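Numbering of ligands and ligand atoms starts at 1, following listing order. Here the structure is a predicted model, which is why all the values come from computation and not from measurement.
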Amino acid sequence: MKVVKFGGSSLADGEQFEKVVNIIKADQTRKVIVASAPGKRFANDIKVTDLLIEFAHKTINKEDCSSTVKTIWSRYHDIAAYFQISEQLLQPLLQELIALPKADYPNQDYLMASFKAHGEKLNAQLLTLVLQNYHLPAYFLDPQEAGFMVTDNANDTQVMPETYKNLEKWSSRDNVLVVPGFYGITKDGLIATFSRGGSDITGAIWARGIKADLYENFTDVDAIYAADPRIITHPHAIKVMTYRELRELSYAGFSVFHDEAIIPAIEGQVPINVKNTNHPDLPGTMIVPEHDFHPQSIITGVASSSHFAALYLHKYLLNKEVGFTLKLLQIFYKFNISYEHMPSGIDDLTVIFDKRQFNEQIRQQMCFEIQQALQPDQLEWFDDYAIIMVVGEGMRNKIGVMKNITMPLAQKHVAIHMINQGASRISIMLGTKRADAAAAVKEIYQQFFK
Ligand SMILES: Nc1ncnc2c1ncn2[C@@H]1O[C@H](COP(=O)(O)OP(=O)(O)O)[C@@H](O)[C@H]1O
Ligand SMILES: N[C@@H](CC(=O)OP(=O)(O)O)C(=O)O
């Protein structure tokens, strides 16, 4: 039994839908189909999820939404027209879309979540209609009916443990189950979404829930590459990699697969196969447990991500000051801020944050309190911070890996602000300026793959 997720690029228009139908028809073990919202059809196109966010903002600000609704609906209508789905069958979907502003929401966060989730909800319903048109026994399964329960964090939710038991029951159904990705239902019956790109998470949860043999994740590239194809032209395609390699690379910028989606797959020990909807016969990339893996190279991939900021603190004898880090963490807690990494030296401490948590006011207040409470000799904030992650099961116990990473960077005058090695035995993390991130990836990639 397989769980198959189709990303937004695979469900962007009628032609892509047709490829998806053929993929589903080709293998009867494709049991649960997870649908994303229609994605980009061309480089400057707008994803339906982004249009729905615009719709939500206009609703909150009591602005005229008619042009946005028209654009959103045209995406679904065009796909339906490609398959000659009747207007009568489509009407309930249009009604759901235009009813969104009229519903009751406990607050604006839940309004936003509900609007966003309808990108996948309408697309899953449309895909069900299309599959039924091809006489496939497709059934649209609403997360409420499925028992897909999530925590009450409206726009960055997590799965509830009972979901897995609820989903297991559906494995014995004869239908092809079409489920919307990206969201679940809270204990109060409200819609809450995962973070952006979260349909990958939905697929992994289903794969664990029904104890699937394989989780196929269909996207628009032939494989996961050793570096982001937007940075390196024709990068090396990875044939097999481990869960933890993908987790670290996804975390640091491989946007092809959501980093949180790997956890349910690991828990259920379900292998993942990333494949291309446009070339479904190619093998893609297999992601497997560590014990099934024999590394063929020192590094598997190099990723970069720029949504970080860093706080640098210098204080003489910091290592002797009892409670220094405790006080710092209490301030983060007070501001409801989580941190990503905290490398430290005898007199120095750098804290790296996901900067999407901050606005300028929170940042200033937090830094002010740190200055007052900890009296550092130096406090600096770096807003343009990037993380470079070099990952490979093959680097374990290898001598000289660090030299091969730092040498080409030094030759190109790329400054390294932080190195974190040892916390994970299969990765080395570097901190650079955002402007240097792509150059760093290029140099490290050339060193190991060319
Ligand atoms: N290392 C990588 N390997 C493959 N694709 C990558 C990598 N890093 C980033 N990407 C990008 O991820 C994109 C696919 O992810 P995404 O846009 O989320 O697809 P989908 O629409 O299928 O969900 C690719 O088009 C590619 O530009
Ligand atoms: N549509 C949502 C969820 C998602 O996973 O999309 P995609 O499969 O296009 O990455 C988003 O854009 O965030």
(message) Could you tell me, atom by atom, which parts of ligand 1 come under 4.0 Å of a heavy atom of Ser9?
(response) 20 (P), 21 (O), 22 (O)
(request) Report yes if Glu120 has an N/O atom closer than 3.5 Å to an N/O atom of ligand 2; otherwise report no. (result) yes
(request) Give the numbers and elements of all ligand 1 atoms closer than 4.0 Å to a heavy atom of Thr219. (result) 14 (C), 15 (O), 19 (O), 20 (P), 22 (O)
(message) Within the 4.0 Å heavy-atom shell around Lys5, which atoms of ligand 2 are there?
(response) 8 (O)
(request) Tell me, please, which residues at least two apart from His341 pass ring pair (Phe, Tyr, Trp, His ring centres under 6.0 Å). (result) Tyr251
(message) Test of understanding: given a 4.0 Å heavy-atom threshold, classify the contact between Ser36 and ligand 2 as side chain, backbone, both, or neither.
(response) side chain
(message) Counting only heavy atoms closer than 4.0 Å, does ligand 2 sit against the backbone of Lys47, its side chain, both, or neither?
(response) side chain
(request) Kindly state whether the ring of Tyr82 and the ring of Phe17 have centres lying under 6.0 angstrom apart. (result) no
(message) Suppose I only count heavy atoms of Gly8 and a 4.0 Å limit; which atoms of ligand 1 are within that range?
(response) 20 (P), 21 (O), 23 (O)
(message) With respect to Phe182, determine whether any N or O atom, backbone or side chain, lies less than 3.5 Å from an N or O atom of ligand 2.
(response) no
(message) Is a donor from one side chain sitting under 3.5 angstrom from an acceptor on the other, for Lys116 and Asn155?
(response) yes
(request) Verify whether one side chain among Ser66 and Asp64 offers a donor that lies under 3.5 Å from an acceptor in the other. (result) yes
(message) Under 3.5 Å, is there a donor on one side chain and an acceptor on the other for Ser338 and Gln357?
(response) yes
(message) Does only the side chain of Lys116 get under 4.0 Å from ligand 2, or the backbone, or both, or neither? Count heavy atoms.
(response) neither
(message) Is it true that Arg230 and Ser255 share a donor-acceptor pair across their side chains at a distance under 3.5 Å?
(response) yes
(request) State the atoms of ligand 2, each with its element, that fall below the 4.0 Å cut-off from a heavy-atom position in Ser199. (result) 3 (C), 4 (C), 5 (O)
(request) Using distance alone, determine whether Pro229 and ligand 1 share an N or O pair under 3.5 Å. (result) no
(request) Could you tell me whether Asn107 atom CG has more than 12 heavy atoms of other residues or ligands within 6.0 Å of it? (result) yes
(request) List every atom of ligand 1 that sits less than 4.0 Å from any heavy atom of Val221, numbering the atoms from 1 in the order shown and giving each element. (result) 4 (C), 5 (N), 24 (C), 25 (O)
(request) Give the residue and atom name of whichever protein heavy atom lies nearest to atom 15 (O) of ligand 1, and the separation in Å to one decimal. (result) Val256 CA, 3.5 Å
(request) Walk me through it: do Ile53 and Met112 pass the test side-chain contact (heavy atoms from CB on, under 4.5 Å)? (result) CA-CA 7 Å; Ile53 291 170; Met112 177 57 79; 4.0 Å; yes
(message) Checking ring-ring contact (aromatic ring centres under 6.0 Å, His included) between Phe353 and each of Phe358, Tyr385, Phe335, which is the one that passes?
(response) Phe358
(message) Quick test of your reading of the structure: of Gly7, Ser255, Gly197, whose heavy atom lies closest to atom 18 (O) of ligand 1?
(response) Ser255
(message) Can you tell me if Ala223 contacts ligand 1 (heavy atom of the residue under 4.0 Å from the ligand)?
(response) yes
(request) Show which atoms of ligand 1 fall inside a sub-4.0 Å distance from at least one heavy-atom site of Lys5. (result) 23 (O)
(request) Could you tell me whether ligand 1 has any atom less than 4.0 Å away from a heavy atom of Gly39? (result) no
(request) Taking all heavy atoms of Pro283 and all of Asn273, pick out the closest pair and write down the distance. (result) O-ND2, 3.1 Å
(message) Can you report which non-hydrogen protein atom sits closest to atom 11 (C) of ligand 2, along with the distance?
(response) Arg196 NE, 3.3 Å
(request) List the atom of Glu245, the atom of Glu393, and the distance in Å for their closest heavy-atom pair. (result) OE2-N, 2.7 Å
(request) Examine Gly8 against ligand 2 and note whether any of their N/O atoms are separated by less than 3.5 Å. (result) yes
(request) Looking only at protein heavy atoms, identify the closest one to atom 1 (N) of ligand 1 and say how far it is in Å. (result) Tyr225 O, 3.0 Å
(request) Report, in ascending order of atom number, the atoms of ligand 2 lying under 4.0 Å from any heavy atom of Gly7. (result) 8 (O)
(message) Whether the His77 and Glu87 side chains hold a donor-acceptor pair (N or O, under 3.5 Å, no angle test) is what I'd like checked.
(response) yes
(request) Please confirm whether Asp220 comes within less than 3.5 Å of ligand 1 when only nitrogen or oxygen atoms on both sides are compared. (result) yes
(message) Between ligand 1 and Arg196, can you find any atom pair, the residue atom being a heavy atom, that is separated by under 4.0 Å?
(response) no
(message) What protein heavy atom lies closest to atom 1 (N) of ligand 2? Include the residue and the distance to one decimal.
(response) Thr49 OG1, 2.7 Å
(message) Contact between ligand 1 and Ala227 is defined here as a heavy atom of the residue under 4.0 Å from a ligand atom; is it met?
(response) yes
(message) Please check this pair: side chain of Thr219 against backbone of Gly7, looking for a donor-acceptor N/O pair closer than 3.5 Å.
(response) no
(request) Taking only heavy atoms of Phe254 into account, list the atoms of ligand 1 that are under 4.0 Å away from them. (result) 1 (N), 8 (N)
